[in-house]
Asks: 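Pasting a structure below so you can have a look.
Any value given below was found using the heavy atoms of this structure, including those in side chains, with hydrogens, waters and symmetry copies removed. Predicted model only: the values in this text are computed from it and were never measured.
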Amino acid sequence: MNNIRILLILLLIAACKDHKRSQINESENMPEAQEIKAPLPDDKPVLRSFEGLADTTFVRLADFSEDFLYDMRYATENNFLKAKVYDCPECYTRVMTAKALIAANKDFMKKGYKIKFFDCYRPNSVQYKMWEIVPNPQYVADPVKGSIHNKGGAVDITLATLDGVDLDMGTDFDFFGKRAYHDNMDLPREILDNRKLLKEGMESHGFWGIRTEWWHYNLTASSNQKIADFKWECK
Ligand SMILES: C[C@@H](N)C(=O)N[C@H](C)C(=O)O
Ligand SMILES: [Zn+2]
């Protein structure tokens, strides 16, 4: 009788151990909690198309291409005025200028470079402020006649590598002196080559430069446009 009781107790203990083991196994085999990922907002901007837009319409370049770099100096104090004359950094041009810039940039990108903007469309009232500081038509267009910047047809630019490293152009933007002249050949080969790359790339898309500023380019087709003084919206 005692033997039967001992046997029963041993069987009970063994059954308990088996049950415990099966519980551990169940939890070990549980599939890992599935991470529920919230859909990420698509941070790629939806680009606009030029379809239906007149060549003379003013547009924000960043709405049509994400391939440009920007360092809009007149929206900072880091410029020859030593004053922030734009409420926010934006690059607006006429449609005709934007199309030519995008085409030029595509060609630069095939060679490993991108256009970087210092200034684009410039309200005529800002041209007056510049003229007060540098009343010299070699460097700043007379605001009464108007700059092609005021017409949405001029840009101040440089070139950077696709990683964003500026090419050496020999001077900073808005350096008003001989070292910035296109016809100053007394510069290291690398600087001359960089300026040539920029000039030839822009000229092949309908732009022309001015002798005293390596960074300034006018779109020939925009010269008949009206002078404007609108201010863009800041978001
Ligand atoms: C001020 C300089 N960045 C510039 O754009 N100069 C030309 C001549 C202009 O004012 O049109
Ligand atoms: Zn300019």
Side-chain angles (χ1 to χ4, degrees), residues 53-63 68 70-101 104 115-158 169-184 195 198-199 202-203 205-234:
L53 293 179
D55 261 358
T56 52
T57 306
F58 273 102
V59 289
R60 179 177 173 266
L61 197 57
D63 289 337
F68 293 108
Y70 300 93
D71 176 13
M72 307 305 290
R73 294 285 187 89
Y74 303 133
T76 73
E77 289 177 358
N78 181 19
N79 60 63
F80 78 98
L81 304 162
K82 305 277 176 253
K84 180 177 181 288
V85 288
Y86 296 159
D87 289 340
C88 57
E90 290 290 4
C91 175
Y92 278 75
T93 66
R94 303 254 187 205
V95 164
M96 62 177 92
T97 319
K99 284 179 179 171
L101 286 165
I115 294 176
K116 183 182 202 173
F117 291 96
F118 298 123
D119 196 28
C120 302
Y121 158 70
R122 177 190 305 155
N124 187 239
S125 49
V126 174
Q127 194 71 28
Y128 275 92
K129 287 190 186 169
M130 291 180 175
W131 183 255
E132 267 173 37
I133 297 169
V134 181
N136 181 342
Q138 273 196 331
Y139 303 122
V140 175
D142 181 341
V144 177
K145 291 183 189 152
S147 158
I148 300 184
H149 280 286
N150 309 152
K151 298 180 178 188
V155 285
D156 293 334
I157 55 174
T158 190
M169 295 293 181
T171 74
D172 194 5
F173 162 57
D174 276 351
F175 173 87
F176 299 131
K178 277 198 177 126
R179 197 173 160 83
Y181 292 9
H182 278 293
D183 53 6
N184 180 356
R195 287 187 185 181
L198 179 61
K199 187 166 180 279
M202 294 304 282
E203 285 177 351
H205 287 279
F207 291 88
W208 56 276
I210 55 175
R211 191 182 64 85
T212 52
E213 299 180 0
W214 61 257
W215 55 83
H216 178 102
Y217 284 92
N218 293 316
L219 183 73
T220 310
S222 73
S223 53
N224 295 331
Q225 295 307 305
K226 281 192 187 137
I227 291 167
D229 195 35
F230 85 86
K231 311 264 167 36
W232 50 84
E233 236 181 76
C234 294

Asks: Can a donor-acceptor pair be found, under 3.5 Å and without considering hydrogens, that links the side chain of Y86 to the backbone of W232?
Replies: no

Asks: Mind checking the CD1-CG spacing from I157 to D71? Nearest 0.5 Å is all I need.
Replies: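 Interatomic distance, I157 CD1 to D71 CG, rounded to 0.5 Å: 13.5 Å.
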
Asks: Heavy atoms only: give me the nearest Q138-E213 pair and the separation to one decimal.
Replies: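 The answer is O-OE2, 4.1 Å.
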
Asks: Please check if the side chain of N150 supplies one atom and the backbone of R122 the other of a donor-acceptor pair under 3.5 Å.
Replies: yes

Asks: List in chain and number order the residues that pass side-chain contact (heavy atoms from CB on, under 4.5 Å) with E77, two or more places apart in sequence or in another chain; answer none if no residue qualifies.
Replies: K84

Asks: Mind checking whether W131 and V144 have side chains closer than 4.5 Å, heavy atoms only?
Replies: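 Result no, sub-4.5 Å side-chain heavy-atom pair not found.
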
Asks: Sub-3.5 Å donor-acceptor pair from the side chain of H216 to the main-chain atoms of G209, do we have one?
Replies: no

Asks: Test side chain to side chain contact (heavy atoms under 4.5 Å, CB included) on E90 and C234; report intermediate values, then the result.
Replies: CA-CA 8 Å; E90 290 290 4; C234 294; 5.7 Å; no

Asks: How would you list, by chain and number, every residue that makes a ring pair (Phe, Tyr, Trp, His ring centres under 6.0 Å) with W215, sequence neighbours excluded?
Replies: F173

Asks: Does Y139 have any ring pair (Phe, Tyr, Trp, His ring centres under 6.0 Å) partners at least two apart in sequence or in another chain, and if so, which?
Replies: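 For Y139, the residues satisfying ring pair (Phe, Tyr, Trp, His ring centres under 6.0 Å) (neighbours in sequence not counted) are F176.
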
Asks: Under the side-chain contact (heavy atoms from CB on, under 4.5 Å) test against W214, which residue among R195, K199, R179 passes?
Replies: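 It is R195; the other options fail the test.
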
Asks: For the CE atom of M130 and the OH atom of Y128, what is their distance to the nearest 0.5 Å?
Replies: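 M130 CE to Y128 OH: 14.0 Å, rounded to 0.5 Å.
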
Asks: Under the 3.5 angstrom rule, does the side chain of Q225 hit a backbone N or O of T56 as a donor-acceptor pair?
Replies: no

Asks: For a side chain to side chain contact (heavy atoms under 4.5 Å, CB included) check, start with the C-alpha distance between I227 and Q127, then their side-chain angles and the critical distance, and finish with the verdict.
Replies: CA-CA 11 Å; I227 291 167; Q127 194 71 28; over 6 Å; no

Asks: Main chain of F118, side chain of D156: is a donor-acceptor contact present, judged purely on distance under 3.5 Å?
Replies: no

Asks: Treating K151 as the side-chain partner and N224 as the backbone partner, does any N or O pair qualify as donor plus acceptor under 3.5 Å?
Replies: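 Flag not set: sc K151 to bb N224 has no pair under 3.5 Å.
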
Asks: Quiz question: by atom type and distance under 3.5 Å, do the side chains of D174 and Y74 form a donor-acceptor pair?
Replies: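 Y74 and D174 do have a side-chain donor-acceptor pair below 3.5 Å.
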
Asks: Does any N or O in the side chain of N124 come within less than 3.5 Å of the main-chain N or O of D229, such that one atom is a donor and the other an acceptor?
Replies: no

Asks: Step by step, would you call D87 with K231 a side chain to side chain contact (heavy atoms under 4.5 Å, CB included)?
Replies: CA-CA 9 Å; D87 289 340; K231 311 264 167 36; over 6 Å; no

Asks: For the atom pair NE2 (H149) and OG (S222), what is the distance rounded to the nearest 0.5 Å?
Replies: 10.5 Å

Asks: Does T97 use its side chain to pair, donor to acceptor, with the backbone of G152 at less than 3.5 Å?
Replies: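 Answer holds: yes.
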
Asks: Which atoms form the tightest heavy-atom contact between H205 and L219, and what is the distance?
Replies: O-CD1, 3.9 Å

Asks: Atom CG of D119 and atom CE of M72: how far apart are they, to the nearest 0.5 Å?
Replies: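 Interatomic distance, D119 CG to M72 CE, rounded to 0.5 Å: 5.5 Å.
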
Asks: Got a second to check how far L61's CG is from K99's NZ, nearest 0.5 Å?
Replies: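 Between atom CG of L61 and atom NZ of K99 there are 13.0 Å.
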
Asks: How far apart are the closest heavy atoms of L81 and K129, and which atoms are they?
Replies: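 The pair with the smallest heavy-atom distance is CD2-O, 4.0 Å.
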
Asks: Would you mind reporting whether R94 and F58 have side-chain heavy atoms less than 4.5 Å apart?
Replies: yes

Asks: Minimum heavy-atom separation for Y70 and C91, please, with both atom names.
Replies: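 Of all heavy-atom pairs spanning Y70 and C91, the closest is CE2-CB, 3.6 Å.
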
Asks: Would you name the heavy atoms of W208 and I148 that are closest together and state the gap between them?
Replies: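 Minimum heavy-atom contact is CZ2-CD1, 4.2 Å.
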
Asks: May I ask you to decide if G206's main-chain N or O and T220's side chain share a donor-acceptor pair within less than 3.5 Å?
Replies: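 The answer is yes, because a donor-acceptor pair under 3.5 Å joins these two groups.
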
Asks: M202 vs L101, test: side chain to side chain contact (heavy atoms under 4.5 Å, CB included). Steps then yes/no.
Replies: CA-CA 8 Å; M202 294 304 282; L101 286 165; 3.9 Å; yes

Asks: Locate the shortest heavy-atom distance separating F230 from P123; write the atom from each residue and the value.
Replies: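 Looking at all heavy atoms of both residues, the shortest contact is O-CG, 3.6 Å.
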
